[in-house]
Amino acid sequence: MPLKANNPSLSSWLPVPANSDFPIQNIPFGVFLTRDDVITIGTRIGDHAIDLGALHQLGYFKDIPLTDDIFLQDTLNDFISDGKKTWRLVRNRISELFESTNQELQKNKDHQKIVLFTMDEIEMQLPVHIGDYTDFYSSKEHATNVGKMFRDPENALLPNWLHLPVGYHGRSSTIIPSGTPIRRPNGQTLPKGAEKPVFGPSRLLDFELEMAFITTDANAMGEPISVEEAEEYIFGLVLFNDWSARDLQKWEYVPLGPFLGKNFASSISPWIVTLDALEPFRVTSPEQDPQPLPYLRQKGDKSFDIKLEVELKTEDGSVTTLCKTNFKYMYWTMAQQLAHHTVNGCKVNSGDMMGSGTISGPTPDSFGSMLELSWQGTREIKLNDGSTRKFLKDHDSVIMKGYCSRDGVRIGFGEVSTKIVPALDL
């Protein structure tokens, strides 16, 4: 089925500001609360949110086999379960309906009043019910940096790293949408030189610049997904800030890995950008040496040229860009991650989320965490207001942005913005 919605020559009758992340070629999917306090599934073009539930009720999807309530839900899980054919039909239809020469809705002002909202009239929600969440560790630059800091710099990567996408299972209950504040976590830490741990707020609170992909129902238990088929089961991507309390994690992670240092909060951007929309931005993956085992070997362009950046906003409103990097640097691709995740027969469901792991590039200004930017707290990061940081302070806000750009078309993710509030006094 052709990707008609990706045509770079398309324009919309809805106004789209210059350099908008949401031209008619994007058509992401999300969930929002309307001005009438109704939760609905929708999409976005420019600065307008579009109520897909209302569009469906008004008959605009009549030629697509959809259940009556498919968009009248508070999550995208059922729509995602319908599979790629349905996603593509709906996305192509939305593109057709809002294309500048199409008069169906453009001339119907009464219907426009029902289905269109400005962004300040809605409140974005978590777009899916995330049943399970897995976080990978797939940036070679990030893993190398961490290895140099904490282990032998000459052998920074652990022996398994170049042979498989390392990952762990995280906590889905504390994944939150952009705009939701997080509280600095309490926990045990072992101060330098101390023999016994102490309890209190994390002092080394950090962000991790990641992306995450959302899956559809992919397999039966016991059946793996091949690396060749893996992308068929990926609905789309979001920006992902996987918060980390470095001092809690350092004390607790041996021998079973991340726990309280990671499960207190993870923030995502609210619009899911489909893999279809990202199709024009494919690029070659980094060379993998040694060659992976046969079940992880892939052909074709499996990476995506997504420009990413992180800003820190202080309590007084001063904004500093901390880093700029790119998703294309990831050593292990999404297809390889999903193939490895299921090679043992692990079942993957609609709405499951897979984090990429921290995305770092080859230069110091492309490191995707404060741990790396401050090199384990040994370097001060100067902000535009003259203050400095090694790790994050209370009332700081971390803002992550991402977009693709090619042939005059920009496809973006908006942002994930989160403010840090003080820990509870326990």
Could you tell me if [Y] and [X] have a donor-acceptor pair between their side chains, going purely by distance under 3.5 Å?
{"X": "D242", "Y": "S266", "answer": "yes"}
{"X": "N145", "Y": "E372", "answer": "yes"}
{"X": "Q188", "Y": "W251", "answer": "yes"}
{"X": "S285", "Y": "S303", "answer": "yes"}

Run T144 and V146 through side-chain contact (heavy atoms from CB on, under 4.5 Å) and show every step you take. CA-CA 5 Å; T144 300; V146 172; over 6 Å; no
Salt bridge present between [X] and [Y] (N-O < 4.0 angstrom):
{"X": "R246", "Y": "E208", "result": "yes"}
{"X": "D396", "Y": "K419", "result": "no"}
{"X": "E228", "Y": "R297", "result": "no"}
{"X": "E311", "Y": "K401", "result": "yes"}
{"X": "R282", "Y": "D305", "result": "no"}
{"X": "D47", "Y": "R44", "result": "yes"}

May I ask you to decide if [Y]'s main-chain N or O and [X]'s side chain share a donor-acceptor pair within less than 3.5 Å?
{"X": "N219", "Y": "V348", "answer": "yes"}
{"X": "D247", "Y": "T189", "answer": "no"}
{"X": "Q336", "Y": "T333", "answer": "yes"}
{"X": "T75", "Y": "P127", "answer": "no"}
{"X": "R410", "Y": "C404", "answer": "no"}
{"X": "D51", "Y": "G53", "answer": "yes"}
{"X": "N263", "Y": "R171", "answer": "no"}
{"X": "D385", "Y": "S387", "answer": "yes"}
{"X": "E231", "Y": "E229", "answer": "no"}
{"X": "T34", "Y": "V38", "answer": "yes"}

With side-chain contact (heavy atoms from CB on, under 4.5 Å) as the criterion, how do N92 and R88 come out once you've worked through the C-alpha distance, each side chain's angles and the decisive distance to 0.1 Å? CA-CA 6 Å; N92 281 344; R88 194 168 288 181; 3.9 Å; yes
With the side chain counted from C-beta on, respond yes when [X] and [Y] share a heavy-atom pair under 4.5 Å apart, and no when they do not.
{"X": "P422", "Y": "H395", "result": "yes"}
{"X": "V319", "Y": "N384", "result": "no"}
{"X": "V273", "Y": "L237", "result": "no"}
{"X": "T274", "Y": "F29", "result": "yes"}
{"X": "F22", "Y": "V16", "result": "no"}
{"X": "T118", "Y": "E121", "result": "yes"}
{"X": "T388", "Y": "I381", "result": "no"}
{"X": "R91", "Y": "L89", "result": "no"}

Starting from the C-alpha separation in whole Å, work towards a yes-or-no answer on side chain to side chain donor-acceptor pair (under 3.5 Å) for S138 and Q337. CA-CA 9 Å; S138 292; Q337 289 168 344; 2.9 Å; yes
Determine whether K324 and D365 satisfy the following criterion, salt bridge (charged side-chain N to carboxylate O under 4.0 Å, His left out), listing intermediate values before the conclusion. CA-CA 6 Å; K324 292 185 177 183; D365 61 351; over 6 Å; no
For the [atom1] atom of [X] and the [atom2] atom of [Y], what is their distance to the nearest 0.5 Å?
{"X": "E210", "Y": "M400", "atom1": "CD", "atom2": "CE", "result": "8.0 Å"}
{"X": "K84", "Y": "D276", "atom1": "NZ", "atom2": "CG", "result": "5.5 Å"}
{"X": "R184", "Y": "F264", "atom1": "CZ", "atom2": "CZ", "result": "9.0 Å"}
{"X": "F281", "Y": "F304", "atom1": "CZ", "atom2": "CZ", "result": "10.5 Å"}
{"X": "F117", "Y": "L33", "atom1": "CZ", "atom2": "CG", "result": "9.5 Å"}
{"X": "Y403", "Y": "L308", "atom1": "OH", "atom2": "CG", "result": "10.0 Å"}

Identified side-chain hydrogen bond (donor to acceptor under 3.5 Å, both in side chains) counterpart of S267 within the set T418, N241, T174: T418
Scan T86, D217, N349 and name whichever one has a side-chain hydrogen bond (donor to acceptor under 3.5 Å, both in side chains) with S81.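 Running side-chain hydrogen bond (donor to acceptor under 3.5 Å, both in side chains) over T86, D217, N349 with S81 returns exactly one hit, D217.
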Give the ring-plane orientation class for Y137 versus W161, where under 30° counts as parallel, over 60° as perpendicular and anything between as tilted. perpendicular
On the 0 to 90° scale, with breaks at 30° and 60°, tag the F71-H56 ring pair as parallel, tilted or perpendicular.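 Perpendicular, since the angle between the ring planes exceeds 60°.
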Using the side chain to side chain donor-acceptor pair (under 3.5 Å) rule, take H340 and Y295 through it: C-alpha gap first, then chi angles, then the decisive distance, then the call. CA-CA 8 Å; H340 182 66; Y295 78 96; 2.7 Å; yes
For the student: nearest non-hydrogen atoms of [X] and [Y], plus distance:
{"X": "Q125", "Y": "E123", "value": "NE2-O, 3.0 Å"}
{"X": "T215", "Y": "F213", "value": "CG2-CE1, 3.8 Å"}
{"X": "L260", "Y": "E252", "value": "N-OE2, 2.9 Å"}
{"X": "L373", "Y": "L322", "value": "CD2-O, 3.8 Å"}
{"X": "A245", "Y": "S202", "value": "CB-OG, 3.4 Å"}

For S374, enumerate each residue passing the side-chain hydrogen bond (donor to acceptor under 3.5 Å, both in side chains) test, keeping only those at least two apart in sequence or located in another chain.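 Testing S374 for side-chain hydrogen bond (donor to acceptor under 3.5 Å, both in side chains), a comparison that skips the adjacent residues, returns none.
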Intermediate values then yes/no, side-chain contact (heavy atoms from CB on, under 4.5 Å), V421 and I182: CA-CA 6 Å; V421 299; I182 66 158; over 6 Å; no
Ring pair (Phe, Tyr, Trp, His ring centres under 6.0 Å) for Y253 and F259? Distances and angles first, verdict last. CA-CA 7 Å; Y253 84 100; F259 188 41; over 10 Å; no
Step through it carefully: locate the ring centre of F235, locate the ring centre of W87, and say whether they are under 6.0 Å apart.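 Yes; W87 has its ring centre under 6.0 Å from that of F235.
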Aromatic contact, F240 with Y133 (centres under 6.0 Å):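 For F240 and Y133, the ring centres are under 6.0 Å apart.
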Using the side-chain contact (heavy atoms from CB on, under 4.5 Å) rule, take L424 and R183 through it: C-alpha gap first, then chi angles, then the decisive distance, then the call. CA-CA 8 Å; L424 290 174; R183 189 173 294 280; 3.4 Å; yes
Tell me if the NZ atom of K347 is crowded by more than 12 foreign heavy atoms within 6.0 Å.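 Counting neighbours around NZ of K347, more than 12 heavy atoms of other residues, nucleotides or ligands fall under 6.0 Å, so yes.
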Residue D425 excluded, over 12 heavy atoms near CG under 6.0 Å: no
